[in-house]
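In what follows, every heavy atom counts, from backbone to side chain, and hydrogens, waters and symmetry copies are set aside. First listed ligand is number 1; within each ligand, the first listed atom is number 1.
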Amino acid sequence: MKLGMRTVALAGVFAVVAAAAMAATTTATAAAAPTATFVKVSDWGSGWEGRYTITNGGSSTLTSWQVDFDLPAGTSIGTYWNALMDRDGQRYRFTNQHWNGTVTPGASVTFGFLGSGSGNPSGCRLNGQPCQPTAPPTTSPPSPSPTTAPPGSTPVAANGQLRVCGEQLCNDNGKAIQLRGMSTHGLQWYANCATNASLDVLAHQWGADVLRISMYIQEGGYETDPRGFTDLVHEYIEMATARGLYAIVDWHMLTPGDPNYNLSRAQTFFAEIADRHRDKVNVLYEIANEPNGVSWGAVKSYADQVIPVIRERDPEAVVLVGTPDWSSLGVSGSGGGVDAITANPVAASNLMYVFHFYAASHRDLYYNTLAAAADQIPIFVTEFGTQQYTGDGPNDFTMSQRYLDLMASKKISWVNWNYSDDFRSGAVFTTGTCASGDFGGTGPLKPAGGWIRDRMRTADDF
Ligand code: IDC
């Protein structure tokens, strides 16, 4: 009897050891070749975030990779990052970006995307071979544990489609958030400062959440080549998207100051932008950079004619409306101030009003205006500088820090002017940086660049 029990017990031990040995064998077999493993990281009903991790279990280095899979009808992919995407019907193909194609033995890379609909990928192939060479386990799939957690989740992956909730900007889960980022300089002058290399630095070293794509209309901008500038903006939206950044499409009207002067151009431009990018969750539309010399009524009339063009195509996206007197909410001139806006607001949801300031010039007057207005209307600071309103002259970091503290406490999103190597003090890079193509670290930064980079690198509260 005792012996019998002992035998049973030993048999039990043997069974466990055998199972462990088999598991080890399975793992060893699975590890012999590169694999691609899919995890649905989160699912919010109408959509989800998916990630593939490619692990090189083989003994030779992969120099490129390509993952193909099917999605069922009704399920599609919008935003994606850390890969390039192609699509043939419901068959999707992701290939490496130039910076993550090499996977040494034992290493892994991850790319991700946001899906809508409820289906899952199937028929996965990695470089033409099944993504999982061995039969998938019959037990429940591994839960998304620390090993599958995102190495470098992006701002868009974390927040999804933004909306305006009360006076705040909210993410997909209804949490009020603050975005921080940089504006390009005018694309007609400094497109060479916003490249794949510089945007990698902005996304991965600076920790930016948002890129403002600043397309002037006059001064050699859009009006001189509508097709060329529209294509350039498409390209920048894709570049921001590939890095999981939000993209503000800035209709950078400045001179003349009446936005109605460019009304039909704006309608043409935004129709195409919204058509092309309607399935992305990361595009914000800034329809008038800095109205000036006009009343709030003129700006509102313009907004009333541009917003429907966007909404017809991209119903949910956040729209940003410039305000009188160079987007000062009217404080610096005769535009009528915040009261003119609250008395006659734009009748559209997911809409925010734009405020710009240059700390060394605008000081307490603008600070107090911003502090008061933020409790009354949704505000997005799409442009500010730590220097004078010329974008030049000495920095006032003390005053700038007060503004930043205010914006942090009220979760007002901000974008700093500007990500270029223009000679003025407000351009973050020293002259010649963009031609050199070496944007990393703090070496190429002017004082304003180093200061703003430090403030962007602190953790986001998403
Ligand atoms: C300035 C640029 C400068 C350029 C000028 C052209 O720094 O190189 O020659 O525009 O108009 C704004 C504007 C922004 C200005 C910036 C600094 O939105 O276009 O950039 N500024 O003057 N509003 C307040 C300041």
Side-chain angles (χ1 to χ4, degrees), residues 181-194 210-224 229 232-233 236 248-259 261-262 266 284-294 299 302 320-333 335 353-363 365-367 369-370 379-396 399-400 403 413-434 446-449 452:
M182 290 302 302
S183 178
T184 69
H185 202 304
L187 299 182
Q188 76 274 40
W189 298 308
Y190 288 101
N192 69 329
C193 296
V210 56
L211 174 73
R212 181 181 189 235
I213 302 164
S214 187
M215 186 193 67
Y216 279 67
I217 319 309
Q218 276 73 42
E219 303 181 60
Y222 176 87
E223 68 174 3
T224 66
F229 279 97
L232 198 53
V233 171
Y236 278 119
I248 296 177
V249 179
D250 164 29
W251 182 257
H252 204 86
M253 51 69 54
L254 191 58
T255 312
D258 183 351
Y261 178 82
N262 291 305
L284 294 87
Y285 301 86
E286 182 175 3
I287 63 174
N289 166 50
E290 292 191 351
N292 56 88
V294 289
V299 179
Y302 166 83
L320 308 170
V321 181
T323 56
D325 303 318
W326 295 275
S327 285
S328 72
L329 291 165
V331 69
S332 79
Y353 297 92
V354 169
F355 189 72
H356 290 174
F357 67 87
Y358 283 76
S361 298
H362 296 139
R363 312 194 62 79
L365 176 65
Y366 277 49
Y367 177 97
T369 301
L370 177 60
I379 307 254
F380 198 126
V381 173
T382 61
E383 199 184 292
F384 82 93
T386 51
Q387 51 298 122
Q388 291 165 356
Y389 67 81
T390 54
D392 202 4
N395 294 293
D396 186 337
M399 192 71 212
S400 299
Y403 275 99
S413 296
W414 54 252
V415 173
N416 181 252
W417 180 262
N418 64 77
Y419 204 60
S420 85
D421 66 353
D422 176 62
F423 69 88
R424 295 169 184 83
S425 63
V428 295
F429 296 114
T430 51
T431 306
T433 300
C434 302
K446 292 203 194 99
I452 201 68

**OP:** Give the C-alpha distance, both sets of side-chain angles, the deciding distance and a yes or no for ring-ring contact (aromatic ring centres under 6.0 Å, His included) between Trp189 and His252.
**Re:** CA-CA 13 Å; Trp189 298 308; His252 204 86; 8.9 Å; no
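- Ligand 1 places these atoms under 4.0 Å from at least one heavy atom of His252: 13 (C), 14 (C), 18 (O), 19 (O).
- With a 4.0 Å heavy-atom cut-off, ligand 1 is reached by the side chain of Leu254 but not by its N, CA, C or O.
- Of the protein's non-hydrogen atoms, Tyr389 O, 2.8 Å is the one closest to atom 22 (O) of ligand 1.
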**OP:** Go through the steps to decide whether Asn262 and Glu223 satisfy the test side chain to side chain donor-acceptor pair (under 3.5 Å), and finish with yes or no.
**Re:** CA-CA 9 Å; Asn262 291 305; Glu223 68 174 3; over 6 Å; no
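- The main-chain N or O of Ile287 is found under 3.5 Å from a side-chain atom of Tyr302 such that the two form a donor-acceptor pair.
- Below 3.5 Å of separation, one finds an N or O of Arg424 facing an N or O of ligand 1.
- For Ser361 (side chain) and Tyr389 (main-chain N/O), a donor-acceptor pair under 3.5 Å exists by modelled atom type.
- Among protein heavy atoms, atom 13 (C) of ligand 1 sits closest to Glu383 OE2, 3.3 Å.
- Only the side chain of Asn289 comes within 4.0 Å of ligand 1, judged by heavy-atom distances.
- Residues Phe357 and Tyr403 bring their aromatic ring centres within 6.0 Å.
- For atom 24 (C) of ligand 1, the nearest non-hydrogen atom from the set Tyr190, Tyr358, Trp326 comes from Tyr358.
- With hydrogens left out, the protein atom closest to atom 20 (O) of ligand 1 is Trp417 CZ2, 3.2 Å, a heavy atom.
- Counting atoms of ligand 1 from 1 in the listed order, those under 4.0 Å from a heavy atom of Glu219 are 6 (C), 11 (O).
- Counting heavy atoms closer than 4.0 Å to ligand 1, residue His356 contributes nothing at all.
- The nearest heavy-atom contact from the protein to atom 23 (N) of ligand 1 is Glu290 OE2, 2.5 Å.
- Looking at Ser183, its side chain never comes within 3.5 Å of a backbone N or O of Thr382 through a donor-acceptor pair.
- The Thr390 neighbourhood of ligand 1 comprises atoms 17 (C), 22 (O), with distances under 4.0 Å to a heavy atom of that residue.
- Using a 4.5 Å heavy-atom cutoff, the side chains of Glu383 and Phe355 are not in contact.
- In this structure a side-chain-to-backbone donor-acceptor pair under 3.5 Å is present from Lys446 to Arg424.
- Residues Val299 and Gly322 share a closest heavy-atom pair of CG1-O, 3.4 Å.
- In terms of protein heavy-atom proximity, atom 2 (C) of ligand 1 is nearest to His185 NE2, 3.6 Å.
- Near Gly391, with a cut-off below 4.0 Å to any heavy atom, the atoms of ligand 1 are 17 (C), 22 (O).
- Side-chain contact between Phe384 and Ile452 is present, with heavy atoms from C-beta onward closer than 4.5 Å.
- Tyr216 OH, 3.0 Å is the protein heavy atom nearest to atom 10 (O) of ligand 1.
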